[in-house]
Amino acid sequence: MAIINLYTSVIDTGILNVDKLTLLKWGVYFLEIIASSQAFGVLYDKLRFRVGDKTYCWAYGSVSKCNFGVQLSFLGLLASMYTLTMSVFDEFMDLPPIMKFEELDLSAFRLGIWVVTGPTLDDWFVKKFEKKYARGTSHPKDRIQRIKRMDKMIGYDVRKVRMMWRLTIIWIIVGLAIQIVSKIKIWYKSRPDDEGKKRYTEVN
């Protein structure tokens with residue numbers, strides 16, 4: 001029964017006839033979800049780790065800073081997943097008003113999350129690095145070895161988080177551009193044609 005309902009409400013209503021811009025938008029949302037989930041996963045699994053009863057966050061200086069990144073990246077991931085789900089279902093059925101939000105508002109919300117989260121994490125990492133590995137803190141050769149050791153332990157993960165949050169922002173901006181183009185297209189199609197304008201002018 002559920003399969004029949006899915007067919008009649010989604011596939012049979014013309015999923016293959018969905019506007020190309022809408023399909024492109026869904027693809028961009030999906031790519032955003034992948035990028036943001038990668039950032040969240042590395043922060044949660046790699047850069048924040050436990051040894052016995054203690055939790056460590058070597059990349060950013062304290063566990064609370066790692067938790068900041070984990071919580072906000074997870075919020076951004078949830079928001080992107082909800083945006084895609086809402087957009088898809090809204091195309092084929094009437095959603096309750098309480099479940100519907102403007103996609104532009106959701107995109108702006110997600111963009112704000114990542115514009116704050118990403119640079120803040122990078123700033124914390126740079127400050128931690130400059131403080132711990134500043135010139136004069138140890139012998140130059142020892143300092144180089146410590147930097148290499150740090151890079152081997154967390155360097156790849158820090159760079160991956162940086163790449164993923166930047167990629168997430170790029171996909172959000174692309175999605176915003178597609179939404180704006182789509183709204184312009186709808187507005188343009190909804191305008192009265194020239195003949196209609198002439199008739200309206202003649203009558204008045």
Side-chain angles (χ1 to χ4, degrees), residues 21-52 54-90 99 101-133 146-182:
L21 276 178
T22 301
L23 292 175
L24 180 61
K25 178 179 66 176
W26 293 346
V28 170
Y29 286 164
F30 182 71
L31 292 173
E32 178 196 337
I33 290 171
I34 292 175
S36 58
S37 66
Q38 289 291 310
F40 165 71
V42 174
L43 284 166
Y44 184 81
D45 287 331
K46 302 290 185 65
L47 295 179
R48 189 188 68 165
F49 59 94
R50 293 178 64 89
V51 178
K54 292 186 177 180
T55 304
Y56 297 91
C57 179
W58 291 346
Y60 306 116
S62 68
V63 177
S64 61
K65 292 177 180 178
C66 260
N67 288 339
F68 168 86
V70 168
Q71 291 164 4
L72 284 187
S73 62
F74 183 62
L75 180 60
L77 174 60
L78 286 180
S80 59
M81 292 172 67
Y82 182 81
T83 303
L84 174 59
T85 305
M86 182 195 71
S87 180
V88 171
F89 278 94
D90 191 43
M99 295 178 63
F101 297 90
E102 281 290 334
E103 289 185 43
L104 283 173
D105 294 340
L106 288 171
S107 295
F109 174 70
R110 301 195 313 277
L111 183 62
I113 287 177
W114 288 106
V115 165
V116 170
T117 305
T120 300
L121 292 175
D122 274 4
D123 184 58
W124 284 337
F125 174 74
V126 170
K127 288 181 178 177
K128 168 75 183 298
F129 184 89
E130 289 177 344
K131 181 179 179 180
K132 190 170 183 178
Y133 302 102
R146 289 169 60 201
I147 291 174
K148 287 182 178 178
R149 208 161 39 238
M150 182 277 299
D151 183 67
K152 186 176 181 180
M153 293 175 65
I154 63 173
Y156 172 78
D157 294 326
V158 170
R159 288 189 292 272
K160 185 173 182 179
V161 169
R162 182 184 296 124
M163 181 177 67
M164 288 300 114
W165 71 253
R166 288 176 177 174
L167 192 57
T168 300
I169 289 176
I170 290 172
W171 289 129
I172 293 174
I173 293 173
V174 172
L176 276 167
I178 294 172
Q179 291 174 56
I180 292 171
V181 170
S182 181

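Computation of the quantities below employed the complete heavy-atom set of this structure, encompassing side-chain atoms and omitting hydrogens, waters and symmetry-equivalent molecules.
The two residues G175 and V28 make their nearest non-hydrogen contact at N-CG1, 3.8 Å. Heavy-atom minimum distance, L75 versus F109: CD2-CZ, 4.0 Å. The heavy-atom pair separating T168 from A35 by the smallest distance is OG1-CB, 3.4 Å. In terms of heavy-atom proximity, S36 sits nearest to L77 at OG-CD1, 3.4 Å. The two residues E32 and S80 come nearest to each other via the heavy atoms OE2-CB, 3.2 Å. In terms of heavy-atom proximity, L43 sits nearest to S73 at CD1-OG, 3.9 Å.
Interatomic distance, L104 CG to L111 CG, rounded to the nearest 0.5 Å: 11.5 Å. Atom CZ of residue F89 and atom CG of residue L84 lie 10.0 Å apart, to the nearest 0.5 angstrom. Rounded to the nearest 0.5 Å, atoms CD1 (I178) and CD (E103) are 11.0 Å apart.
Among residues at least two apart or in separate chains, ring-ring contact (aromatic ring centres under 6.0 Å, His included) pairs with a member in residues 27-48 are F40-Y44, F40-F74. Counting only residues at least two apart or in different chains, salt bridge (charged side-chain N to carboxylate O under 4.0 Å, His left out) contacts with residues 68-90 comprise D90-K100.
The backbone N or O of I154 sits nowhere less than 3.5 Å from a side-chain atom of K46 that would complete a donor-acceptor pair. Side chain of S37 to backbone of I34: a donor-acceptor contact under 3.5 angstrom is found. S87 places no side-chain N or O within 3.5 Å of a backbone atom of T83 that could act as its donor or acceptor partner.
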Could you walk me through whether S107 and Q179 pass side-chain contact (heavy atoms from CB on, under 4.5 Å), step by step?
CA-CA 10 Å; S107 295; Q179 291 174 56; 2.8 Å; yes
With side-chain contact (heavy atoms from CB on, under 4.5 Å) as the test, would you mind laying out the steps for M164 and L167 before giving the verdict?
CA-CA 5 Å; M164 288 300 114; L167 192 57; 4.3 Å; yes
Working for side-chain contact (heavy atoms from CB on, under 4.5 Å), residues M163 and Q38:
CA-CA 10 Å; M163 181 177 67; Q38 289 291 310; over 6 Å; no
Go through it in stages, so that I can follow the logic: the residues are K65 and K128, the test is side-chain contact (heavy atoms from CB on, under 4.5 Å), and I'd like the CA-CA distance, side-chain angles, deciding distance and then a yes or no.
CA-CA 12 Å; K65 292 177 180 178; K128 168 75 183 298; over 6 Å; no
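By the salt bridge (charged side-chain N to carboxylate O under 4.0 Å, His left out) test, D157 is found to be paired with no residue, residues two or more places apart in sequence or in another chain being considered.
A heavy-atom distance below 4.5 Å is found between the side chains of R162 and F125. Residues K25 and L21 are not in side-chain contact: their nearest non-hydrogen atoms beyond the backbone lie 4.5 Å or more apart. The shortest side-chain heavy-atom distance between F68 and T120 falls under the 4.5 Å cut-off. A heavy-atom distance below 4.5 Å is found between the side chains of W165 and P119.
With a 6.0 Å radius and a threshold of 12 heavy atoms from other residues, nucleotides or ligands, Y82 has its OH atom above the threshold. With a 6.0 Å radius and a threshold of 12 heavy atoms from other residues, nucleotides or ligands, M86 has its CE atom above the threshold. Taking a 6.0 Å sphere around CH2 of W114, one finds it holds more than 12 heavy atoms contributed by other residues, nucleotides or ligands.
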